[in-house]
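The next block holds one structure in the form of structure tokens; read it before the comments.
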Amino acid sequence: MTKLRMPWGRKPSTDPSTNDPDAEVKKQNRQSFSGLRSLINWDTETPIEQKDSATSAPNGISNKVQEVSQLISLAKKIGAEAEKLEAYLKENGLPDPSFGVDAPGDFPKLSEEAQRSRLEIADATKELGDLVRGPRENVRWGVWSFLDTLSLQIVNNYGIAKLVPLDKPIALAELQTKTTLDPVNLARILRHNMTNHVFCEPTPGFIAHTASSRLLAQDGPLQDWVGFNSEDIFPAAASVLSAIKTYPEATSLTRTGFNVAFDTVDKEPMFATFGKDPARAKRMGGAMASLTGGEGYEVRHFVDSYDLSEIDEKAGVLVDIGGSHGFVCTDLAKKWKKMKFVVQDLPKTVDSAPKPISDDESVAERVELQAHDFFQEQPVKGADVYYFRWILHNYSAPYAIKLLKNLVPALKPGARIVINDHCLQEPGTENPWDEKLMRSMDMVMLCLLNAQERTEDEFRELFRAADERFVFKGASRSSGCRMSIIEAVWNPEPVEVVEVEEK
Ligand SMILES: C[S@@+](CC[C@H](N)C(=O)[O-])C[C@H]1O[C@@H](n2cnc3c(N)ncnc32)[C@H](O)[C@@H]1O
């Protein structure tokens with residue numbers, strides 16, 4: 001029997017000994033503090049010094065008056081970090097951030113320290129803005145954020161950005177002659193977008209580009225991103241309430257907000273709907289390319305950080321399940337010169353993959369494409385790694401467990417199961433930018449598929465529910481990457497869990 005040593009920090013959440021009252025208090029405190037971000041110095045995770053003239057907050061934590069008001073400390077932080085960032089940009093000959101039409105579409109690549117300043121500025125400005133708007137106004141206007149989606153949806157669908165010259169303003173009256181969008185709607189949609197720095201009106205009645213509207217004219221994947229989000233996800237989001245009220249278990253792939261919005265309840269999952277509509281499928285593909293080309297999602301994070309040396313040494317095999325056109329495996333094959341790769345996807349995707357899969361012959365000969373439905377038993381037996389990237393988060397637990405169970409007949413002892421997905425942290429411990437992004441992605445998964453992003457414990461639980469012989473190894477994440485690597489190893493021997501105290 002294999003003895004598995006598990007430090008207390010890694011115990012399954014179902015373990016009754018987690019009912020330790022002290023641990024529970026600490027956990028509650030952590031959660032409470034997460035709502036009071038500005039009381040915490042995130043570098044040291046210690047509360048900023050406070051005076052004692054306290055009032056009691058609704059969560060029971062004393063709401064002490066700070067020596068320096070939150071207003072001023074945030075403003076100072078923004079000033080200080082902005083100076084650091086500007087100095088870095090100047091030292092490195094990088095352009096000042098700007099909304100101007102010629103501004104770069106992406107923020108320049110920064111050193112780790114400059115990036116930290118950038119994130120601090122983004123977080124503190126959001127917090128300061130929320131603070132000075134006040135609680136009621138925050139809620140009142142926060143719930144209107146869907147109107148930002150609406151105005152982008154219409155601009156994007158009508159291709160308005162392409163009708164505005166890149167080098168000079170155009171009279172609104174002339175722009176109106178170039179589109180079927182009626183004059184009143186054209187003007188108000190543009191002016192709503194302008195409140196988000198998308199287009200500008202340098203003189204009354206004349207429309208010009210900003211950097212963002214220019215990208216909407218030029219960047220195909222960004223157009224797809226706006227189209228997919230505003231025309232597929234946005235209606236789905238508006239129907240989630242109806243879906244979860246009618247089907248409260250909220251796990252089915254055919255009872256989602258998307259199904260309600262597009263009248264496919266109990267008929268077909270979103271992927272099947274897209275499979276019948278090439279234009280819509282292409283738009284979703286472009287949207288995914290826009291996302292994965294963005295900060296923190298680059299494939300290089302996995303390629304650079306995940307160690308396959310042992311497997312490469314023995315010319316082992318990695319299977320990329322739902323691997324699309326194999327872009328991860330071709331990059332891996334460039335780094336690991338002996339291993340072989342099998343990329344599995346649905347027949348249509350496999351058929352549309354480039355042939356050869358890579359211009360580099362030594363890569364192409366080691367990457368095989370294979371049609372396989374991951375809801376069926378895994379046909380590649382005895383591989384060293386079974387890899388899922390952006391797959392598990394598309395499925396609620398019953399489906400995700402099935403995907404893992406389908407591997408079991410193929411697994412040899414020591415086979416690794418590697419999931420590359422978001423892994424949610426304790427609320428308030430992620431940097432706020434990433435936290436908002438990941439929790440928004442979690443909501444998107446709900447809207448479309450009744451699926452979810454998961455915490456490490458939730459991944460552990462998936463493996464446990466699929467088969468007790470999966471030995472969960474945990475989650476890790478490289479610096480600058482939003483995706484985690486979650487790993488388990490197949491151990492067909494029974495495992496006895498021995499608790500050891502963490503040093
Ligand atoms: C979100 S994409 C992820 C693609 C790729 N792994 C990546 O990291 O970008 C999901 C992929 O799963 C594939 N897929 C969906 N259903 C599948 C099924 N039943 N069997 C195999 N592949 C499937 C899709 O065709 C698509 O390529």
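Order of appearance sets the numbers: ligands from 1, and atoms from 1 within every ligand.
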Quiz item: Do we see a donor-acceptor contact under 3.5 Å between the side chains of D307 and S309?
Solution: yes
Quiz prompt | Donor-acceptor pair between R416 and Y306 side chains, under 3.5 angstrom | solution = yes
Quiz item: Protein residues near ligand 1, heavy-atom distance below 4.0 Å?
Solution: G322, G323, S324, F327, D345, L346, T349, H372, D373, F374, F375, R389, W390, I391, N394, Y395
Quiz item: Can you name the closest pair of heavy atoms from L308 and W336 and give their distance?
Solution: N-CZ2, 3.5 Å
Quiz item: For R389, which residues count as a side-chain hydrogen bond (donor to acceptor under 3.5 Å, both in side chains) partner, sequence neighbours excluded?
Solution: none
Quiz item: Can you name the closest pair of heavy atoms from I485 and S305 and give their distance?
Solution: CD1-OG, 3.8 Å
Quiz item: Which atom pair, heavy atoms only, marks the closest approach of R214 to G105?
Solution: NH2-N, 3.9 Å
